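Comments concern the structure below.
Residues: numbered from 1 along the sequence shown. Every heavy atom of this structure was used, including side-chain atoms; hydrogens, water molecules and symmetry mates were not. These figures come from a predicted structure and were not determined experimentally.
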Amino acid sequence: MSRWAIIYCPKQGVRRSQKRWERIRELLTARQVNYDFVQSESPDSVGRLTQMLCQQDYDTLIIVGGDSALNRAVNGLLALPDEVRQRMAIGVIPNGRGNDFATFWGFDEDKDEQTIEWLINRRVRPVDVGYVKAQDETRFFLNCVNVGLVANIMKLKYKTRRIFGLSALSYLSSMLLLLFQRLETRMHLRINEDEIDRKLMTVCVGSCRGYGQTPSAVPYNGMLDVSVVSHPEVTRLMEGMWMLLTGRFLNHKNVRPYRTARRIRFFETHGAAVSTDGMVIPMSAPFEVGILPEHLNFIIPS
């Protein structure tokens, strides 16, 4: 077994997060895994650490973190020369508030022993990588892009977490602040042959499940699923939240689903927030969202 490079990303605002790493370290030692380990000082350091490690002799990078940590690692890797991307395989040990991409493959934060066994077996599968491109800037994602309300919720959550610290309190306060936000924004975009120019609540473009908004998307068919959500009445909004939680989101009357192998072009979003894999990014229209088929080597369960 080759030597692993491991980046441990502690959960923000969680006390005794070091105990989580101690548990993982004990399991790695018991299985005689050969590895080098670094801990991220902040979320923004994950991309830099990824580039530093991937330019060394490793061929396996393990991220102990959630969707946003995995996103930062992927963006760090894809900024390196193409031969580095082709050599490296990325694996994940879930350790975040959002583990949607890991959960899609069957990884469970409460089953570290099983996860490590799968990583040791090193079954590598090329997976699709989505991208958001505006002029000279490109950002990559594994799960989804949100434009509009959902990205706004993430934006408010990060702001309130800096003030309140505790995750539960930041979620509650961000939902209360959302009452004073506009729930829809005029957007102009093109999907396949359809051109949409109207007020929308949110648009989700998913290579994977998109936190329930693109439940039929899979990260290995070279296609993107899109859910365009218009602004429902309050009763329909509550109904939509329930259908999202119960996996029937696409059946809601105010959701229009698409599947496309082409690029989605956003011509105007009037300042709507944009997030990739749950992380708000500075991105203004015009921009396009597309897919790079089988572009990343990912370690999946054996």
Side-chain angles (χ1 to χ4, degrees), residues 1-12 14-127 129 140 142-143 219 277 295-302:
M1 181 174 61
S2 60
R3 191 174 187 86
W4 295 357
I6 298 179
I7 301 178
Y8 174 59
C9 311
K11 291 183 182 179
Q12 289 181 283
V14 175
R15 296 179 181 179
R16 300 179 180 178
S17 62
Q18 206 61 32
K19 283 191 173 182
R20 169 78 170 135
W21 168 248
E22 288 302 316
R23 164 65 178 161
I24 294 170
R25 185 185 61 79
E26 289 174 3
L27 292 172
L28 294 170
T29 301
R31 291 303 314 274
Q32 298 182 326
V33 176
N34 193 14
Y35 69 92
D36 292 317
F37 148 80
V38 291
Q39 179 172 321
S40 63
E41 310 91 22
S42 67
D44 291 336
S45 69
V46 176
R48 174 178 55 80
L49 292 172
T50 296
Q51 292 187 339
M52 178 188 74
L53 292 168
C54 289
Q55 291 181 92
Q56 299 182 34
D57 293 333
Y58 306 104
D59 60 9
T60 303
L61 174 67
I62 306 299
I63 303 299
V64 184
D67 285 329
S68 62
L70 195 56
N71 178 283
R72 287 182 167 94
V74 169
N75 276 274
L77 172 59
L78 296 185
L80 296 174
D82 204 48
E83 56 268 21
V84 179
R85 172 187 63 82
Q86 294 173 354
R87 183 188 81 239
M88 296 298 300
I90 287 187
V92 63
I93 299 175
N95 184 48
R97 305 187 191 284
N99 297 306
D100 205 53
F101 193 75
T103 301
F104 171 84
W105 294 103
F107 293 106
D108 189 327
E109 188 172 353
D110 296 325
K111 297 180 180 179
D112 290 331
E113 192 168 1
Q114 181 185 68
T115 295
I116 290 169
E117 178 68 26
W118 284 339
L119 295 175
I120 289 172
N121 291 339
R122 205 175 186 275
R123 181 186 175 194
V124 177
R125 173 166 190 164
V127 298
V129 177
F140 301 98
L142 291 176
N143 195 6
D277 295 342
H295 197 66
L296 181 78
N297 297 320
F298 189 74
I299 302 175
I300 67 173
S302 56

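With hydrogens and angles left out, the side-chain atoms of Gln114 and Asp108 include no donor and acceptor closer than 3.5 Å. Between the side chains of Asn143 and Asp277, no donor N or O sits under 3.5 Å from an acceptor N or O.
Going from atom CH2 of Trp105 over to atom CD1 of Ile300 covers 5.0 Å, rounded to the nearest 0.5 Å.
Ring orientation note: the planes of Tyr8 and Phe37 are tilted relative to one another, at an angle of 30° to 60°.
Counting all heavy atoms, side chain and backbone alike, Ile63 lies closest to Ala73 at CD1-CB, 3.6 Å. Minimum heavy-atom separation, Thr50 to Gly76: CG2-C, 4.3 Å. Shortest non-hydrogen contact noted between Ala69 and Val46 is O-CG1, 3.6 Å. Between Arg122 and Thr60 the shortest heavy-atom distance is NE-OG1, 2.9 Å. Closest approach of Arg3 and Tyr35 over heavy atoms only: NH2-O, 3.3 Å.
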query = side chain to side chain donor-acceptor pair (under 3.5 Å) between Asn71 and Asn75: does it pass, once the steps are laid out?
reply = CA-CA 6 Å; Asn71 178 283; Asn75 276 274; 3.1 Å; yes
Using side chain to side chain contact (heavy atoms under 4.5 Å, CB included), reason through His295 and Leu78 one step at a time and then give a plain yes or no. CA-CA 9 Å; His295 197 66; Leu78 296 185; 4.0 Å; yes
Next item on the list: Go through the steps to decide whether Phe101 and Val92 satisfy the test side chain to side chain contact (heavy atoms under 4.5 Å, CB included), and finish with yes or no.
Entry: CA-CA 9 Å; Phe101 193 75; Val92 63; 5.9 Å; no
Given salt bridge (charged side-chain N to carboxylate O under 4.0 Å, His left out), test Glu41 with Arg48 step by step and report yes or no.
CA-CA 11 Å; Glu41 310 91 22; Arg48 174 178 55 80; 2.9 Å; yes
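In this structure Asp44 satisfies the side-chain contact (heavy atoms from CB on, under 4.5 Å) test together with Ser42, Arg72, sequence neighbours excluded.
Ionic pairing of Asp112 and Arg20 is present here: one or more N-O contacts between side-chain nitrogen and carboxylate oxygen are shorter than 4.0 angstrom. Using a 4.0 Å cut-off between charged nitrogen and carboxylate oxygen, Glu22 and Lys19 do not count as a salt-bridge pair.
Ring centroids of Trp118 and Phe107 are separated by less than 6.0 Å, placing the two rings close together.
Within the 4.5 Å cutoff, the side chain of Trp21 has heavy atoms near those of the Ile6 side chain.
Val64 pairs in a side chain to side chain contact (heavy atoms under 4.5 Å, CB included) with only one of the listed residues (Ile7, Thr115, Asn95), which is Asn95.
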